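Not measured: the values here are computed from a predicted model.
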Amino acid sequence: QVQLVESGGGLVQAGDSLTLSCAASGRTFSSYAMGWFRQSTGKEREFVTVISWDGGSAYYADSVKGRFIISRDNAKNTVYLQMNSLKPEDTAVYYCATYSPNYGGSYYATQRAYDHWGQGIQVTVSS
């Protein structure tokens, strides 16, 4: 059973930084890409970023490019999301997810590409 547990969320002010962590268990962590999504109140869950199994490649949504950095430590089975220059519009519940080995498509920014999800963690950015 795959388990993903996010941590590090909270309330910050605009311009601050925050780093989220996602600890994984139950799967060979180093074999799969990992992604982060977020969902704001009243909106659909949206793609934030994804990192390849070895950390060699990463892709970002335009809304966070240049501000957020995804990384992973396969020895610790953990993926991180460093969020800099936070804006009120970054307020959301953030979810980490494992990329599905059974996904036959190439579009990584869709929820369908991910098969296990964390419970989510709240990030609130005040203005």
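- Side-chain N or O atoms of Arg72 include one that pairs as donor or acceptor with a backbone N or O of Phe29 at under 3.5 Å.
- Contact between His116 and Leu4 at its shortest, heavy atoms only, is O-CD1, 3.4 Å.
- Judged by distance alone, with hydrogens and angles left aside, the side-chain atoms of Thr49 form no donor-acceptor pair with the main-chain N or O of Trp36 at under 3.5 Å.
- Taking the six-membered ring where tryptophan is involved, the planes of Phe37 and Tyr114 are perpendicular, since the angle between them exceeds 60° and thus also 30°.
- Asn77 and Ser25 share no donor-acceptor pair across their side chains, judged by distance under 3.5 Å alone.
- A donor-acceptor distance shorter than 3.5 angstrom exists from the side chain of Glu6 to the backbone of Cys96, with no hydrogens or angles considered.
- A donor-acceptor pair is defined here as one N or O able to donate and one able to accept, closer than 3.5 Å; no such pair exists between the side chain of Arg112 and the backbone of Tyr108.
- Contact of the Lys87 side chain with the Val125 side chain is not registered, since no non-hydrogen atoms from C-beta on lie closer than 4.5 Å.
- Between Cys22 atom SG and Ile70 atom CD1 the span is 9.0 Å, to the nearest 0.5 Å.
- Nearest heavy-atom pair, Ser85 versus Ser17, reported as atom, atom and distance to 0.1 Å: N-OG, 4.2 Å.
- A distance of 6.0 Å or more separates the ring centres of Tyr60 and Phe68.
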Residues Lys65, Asp62; criterion salt bridge (charged side-chain N to carboxylate O under 4.0 Å, His left out); working and verdict: CA-CA 5 Å; Lys65 198 173 297 182; Asp62 288 343; 3.1 Å; yes
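- Looking only at side-chain heavy atoms (C-beta outward), Asp115 and Pro101 come within less than 4.5 Å of each other.
- Linking Ile, Leu, Val, Met, Phe, Trp and Tyr whenever their side-chain heavy atoms come within less than 4.5 Å leaves Tyr94 and Tyr80 in two separate clusters.
- No donor-acceptor pair closer than 3.5 Å links the side chain of Thr98 to the backbone N or O of Trp117.
- Ile121 and Leu81 fall within the same hydrophobic cluster, where Ile, Leu, Val, Met, Phe, Trp and Tyr residues are linked whenever their side-chain heavy atoms come under 4.5 Å apart, directly or through other members.
- The structure places OG of Ser126 at 10.5 Å from CG of Leu86, a figure rounded to the nearest 0.5 Å.
- Residue Glu46 forms a side-chain hydrogen bond (donor to acceptor under 3.5 Å, both in side chains) with just one option from Arg38, Gln111, Gln39, and that option is Arg38.
- Side-chain atoms of Asp73 and Thr78 form no donor-acceptor pair, as typed in the model, at a separation below 3.5 Å.
- Residues Val64 and Phe47 fall into different hydrophobic clusters, defined by Ile, Leu, Val, Met, Phe, Trp and Tyr side chains chained together at heavy-atom separations under 4.5 Å.
- The nearest pair of heavy atoms linking Ser40 to Ala92 is OG-CB, 3.6 Å.
- Judged by distance alone, with hydrogens and angles left aside, the side-chain atoms of Thr91 form a donor-acceptor pair with the main-chain N or O of Pro88 at under 3.5 Å.
- Cluster annotation: Ile51 is connected to Met83 through the hydrophobic network of ILVMFWY side chains, with a link wherever side-chain heavy atoms come within less than 4.5 Å.
- Counting only distance, with no hydrogens or angles, the side chain of Asn74 and the backbone of Trp53 share a donor-acceptor pair below 3.5 Å.
- With Tyr99 contributing its side chain and Tyr103 its backbone, the two residues share no donor-acceptor pair below 3.5 Å.
- Here the closest heavy-atom approach between residue Val50 and residue Ala33 is recorded as CG2-CB, 4.2 Å.
- When atom types are taken as modelled, the side chain of Arg45 and the backbone of Val93 share no donor-acceptor pair closer than 3.5 angstrom.
- Hydrophobic cluster membership is shared by Leu20 and Val79, with clusters built from Ile, Leu, Val, Met, Phe, Trp and Tyr side chains linked at under 4.5 angstrom.
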